[in-house]
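Notes follow once the structure below has been shown.
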Protein chains: 2
Amino acid sequence: MNDERRKFKRESAEQRKDALIVATLSLVAEMGVRGATVRAIAERADVTQGLIRHYFSSKEDLIIAAYEHHMTTMTDQTFALAAAVDSSARDRLAALVNASLRPPVAAPRSVALWASFLNRVQQDAQMKATHERTYAYFRDQLQDLIGAALEEAGQVTSPTRLRHLATACNGVIDGLWMEGGALPDAFAPDELPGIGVESVGAIIGLDLEQKAEQP
Amino acid sequence: MNDERRKFKRESAEQRKDALIVATLSLVAEMGVRGATVRAIAERADVTQGLIRHYFSSKEDLIIAAYEHHMTTMTDQTFALAAAVDSSARDRLAALVNASLRPPVAAPRSVALWASFLNRVQQDAQMKATHERTYAYFRDQLQDLIGAALEEAGQVTSPTRLRHLATACNGVIDGLWMEGGALPDAFAPDELPGIGVESVGAIIGLDLEQKAEQP
DNA sequence: GTAGTAATTATACACTTGCATAATTACGAA
DNA sequence: TTCGTAATTATGCAAGTGTATAATTACTAC
């Protein structure tokens with residue numbers, strides 16, 4: 001009885017690791033990797049610093065896990081919304097662009113994390129692999145959607161041209177994503193997704209904004 | 001005589017400050033702000049660490065100066081090429097997009113620096129001011145060029161719409177710039193400027209790629 | 001030449017960092 | 001209940017950090 005006396009509570013390995021990762025990400029987003037010291041992380045996760053070494057072999061290991069967590073979360077958030085659309089490929093494409101350029105995917109926090117990790121991603125092989133996997137996945141999905149939307153519209157597209165279109169659209173989307181997160185005040189609400197849909201539509205030659213015809 | 005014995009050489013304040021800034025930027029680009037320690041900077045600039053404090057009141061001061069230097073250099077490099085075009089506004093616009101998406105402006109080093117500084121920019125008032133000034137300058141130039149190009153083509157554009165177009169184009173350009181620097185291998189040479197010109201043209205409704213008519 | 005002075009080096013200090021190791025504590029099994 | 005063990009804390013350390021201060025050194029004015 002009298003739990004107040006307990007100096008700490010035991011948690012499952014999964015919960016603790018997750019709590020440490022969440023604390024790490026919040027600190028990195030706020031102050032960069034430099035601000036995410038073991039002591040600061042431990043404090044934010046309400047544990048003592050020694051515990052970090054109990055769950056992660058090194059701080060580098062924790063940083064890598066945090067990056068993986070962030071990328072996975074963003075990917076999931078992006079495709080969760082787009083996958084819900086079950087009408088036309090064109091609408092699914094528009095939904096994907098929308099989800100990519102709207103919070104929580106497009107947000108200062110996301111971009112701050114991306115920027116903070118960039119250096120390490122370029123140096124650490126494991127982080128680089130995570131980055132490339134995530135990137136390739138998004139690009140492939142985008143390319144498939146573009147292809148399907150064009151086919152839907154009765155257009156024949158060569159694989160080479162399709163690849164070019166996907167590259168261009170991906171660049172525009174990623175770029176607007178970063179831009180929106182780096183300069184949140186530069187855009188009115190809904191302006192960023194609007195620009196994205198407009199640009200992607202202009203590039204592939206389809207009007208993504210027009211409502212589906214009512215039969 | 002026998003200058004070999006000299007333990008150091010005196011340089012003008014301007015040269016030394018510049019050398020320290022250049023050393024700082026190269027280190028930040030390679031290893032992030034975290035890797036740019038006073039000792040590493042001093043070593044790369046071939047001086048001892050004490051000298052840094054002689055020219056900059058603090059390390060933060062040096063970082064701020066380095067950021068200013070980087071942004072100014074990028075702006076100059078961007079507009080130097082575009083300003084050389086003296087034919088039509090349309091061609092100047094195309095040249096601006098090109099210069100923005102081509103080395104040395106669009107390069108891994110530039111984007112690495114941008115990403116490394118992002119956190120500090122958000123926190124430090126002086127750096128934020130530098131950032132906003134640079135950004136606003138580019139945007140205004142872009143908006144003017146778009147307006148001139150459209151007028152040239154005989155199109156009337158409301159200020160509101162012009163602002164929207166400039167925002168969209170700016171977002172696409174900045175985005176592609178970051179994308180190209182973050183993933184240099186994802187694009188073939190000349191592919192990025194091509195996508196940029198194509199996208200900007202599609203957004204504002206002008207073909208920027210067509211050659212000027214030969215009389 | 002020589003003295004003055006600013007540029008540059010040399011040295012040291014207080015503080016933070018990541019990490020290791022030992023000492024506790026909570027919880028499950030018996 | 002008690003006992004074992006893994007989770008958690010407590011403490012300490014060596015290396016690296018920015019900065020301050022004093023000691024040199026190169027150039028300049030006279």
Side-chain angles (χ1 to χ4, degrees), chain A residues 1-24 27-28 30-67 116 119-120 123-124 127, chain B residues 1-24 27-28 30-67 116 119-120 123-124 127:
Chain A
M1 66 192 77
N2 200 356
D3 284 358
E4 314 304 326
R5 284 220 187 130
R6 291 211 215 135
K7 286 193 172 173
F8 58 89
K9 187 181 165 203
R10 286 186 143 167
E11 302 275 1
S12 75
E14 213 53 42
Q15 282 177 328
R16 268 281 132 87
K17 282 188 120 179
D18 218 64
L20 288 172
I21 286 174
V22 167
T24 303
L27 276 167
V28 171
E30 287 170 27
M31 340 187 49
V33 182
R34 153 177 153 276
T37 67
V38 276
R39 284 167 180 78
I41 294 169
E43 186 184 16
R44 189 159 293 200
D46 259 314
V47 295
T48 52
Q49 48 161 327
L51 199 60
I52 290 178
R53 276 275 297 168
H54 189 259
Y55 285 110
F56 298 93
S57 67
S58 69
K59 187 196 167 186
E60 189 66 17
D61 198 35
L62 170 57
I63 295 286
I64 291 173
Y67 179 67
S116 297
N119 275 307
R120 308 232 167 182
Q123 283 169 6
D124 181 279
M127 291 176 79
Chain B
M1 65 193 80
N2 200 354
D3 284 356
E4 314 303 325
R5 286 225 185 120
R6 291 210 213 132
K7 288 195 171 172
F8 58 88
K9 188 183 165 199
R10 285 187 143 167
E11 303 273 2
S12 75
E14 213 52 44
Q15 282 177 327
R16 268 280 131 85
K17 281 187 122 179
D18 217 63
L20 288 171
I21 287 174
V22 167
T24 303
L27 277 167
V28 172
E30 288 171 26
M31 342 189 46
V33 182
R34 149 178 156 277
T37 68
V38 275
R39 284 165 180 81
I41 295 169
E43 187 184 16
R44 189 160 292 202
D46 260 314
V47 294
T48 52
Q49 48 163 326
L51 198 59
I52 289 177
R53 278 275 296 170
H54 189 261
Y55 285 110
F56 299 93
S57 68
S58 69
K59 186 196 167 186
E60 188 66 18
D61 198 35
L62 170 55
I63 295 287
I64 291 172
Y67 179 68
S116 296
N119 276 307
R120 307 236 170 177
Q123 282 169 7
D124 181 279
M127 292 178 77

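For the numbers below, each heavy atom of this structure counts, side chains included, while hydrogens, waters and symmetry mates do not. Letters A, B, ... are given to chains in the order of the sequence lines, protein chains preceding strands, and every chain is numbered from 1.
For S58(A), the side-chain atoms get nearest to dC19(C) when compared with the rest of dA7(D), dC19(C), dT19(D).
Not a single salt bridge (charged side-chain N to carboxylate O under 4.0 Å, His left out) links E43(A) to another residue, sequence neighbours left out. T24(B) pairs by the side chain to side chain donor-acceptor pair (under 3.5 Å) definition with nothing, not counting sequence neighbours. Listed by chain and residue number, nothing satisfies the side chain to side chain donor-acceptor pair (under 3.5 Å) test with Q49(B) (two or more places apart in sequence, or in another chain). A search for side-chain contact (heavy atoms from CB on, under 4.5 Å) contacts involving E14(B) returns S12(B), not counting sequence neighbours. With sequence neighbours excluded, the residues forming a salt bridge (charged side-chain N to carboxylate O under 4.0 Å, His left out) with R44(B) are E30(B), listed by chain and number.
Remark: C1' of dT17(C) and CD of E43(A) are 15 Å apart, rounded to the nearest angstrom. In this structure, the CG atom of D46(A) is 14 Å from the C1' atom of dT9(D), given to the nearest Å. Rounded to a whole Å, the CD atom of Q15(A) is 15 Å from the C1' atom of dT8(D). Atom CD of Q49(B) is separated from atom C1' of dT19(D) by 9 Å (rounded to the nearest Å). Between L51(B) atom CG and dT19(D) atom P there is a gap of 15 Å when expressed in whole angstrom units. Atom NZ of K59(B) is separated from atom C1' of dC15(C) by 15 Å (rounded to the nearest Å). Remark: C1' of dA6(C) and CD of E14(B) are 17 Å apart, rounded to the nearest angstrom. Summarising the geometry, the separation between OH on Y55(A) and C1' on dT9(D) is reported as 13 Å, rounded to the nearest angstrom.
Near DNA chain D, meaning a heavy atom under 4.0 Å from it, residues 31-39 of chain B has T37(B), V38(B), R39(B) in order of number.
Within the 4.5 Å cutoff, no side-chain heavy atoms of L27(A) are placed close to those of V33(A).
One finds no side-chain N or O of H54(B) lying less than 4.0 angstrom from the OP1 or OP2 phosphate oxygen of dT8(C).
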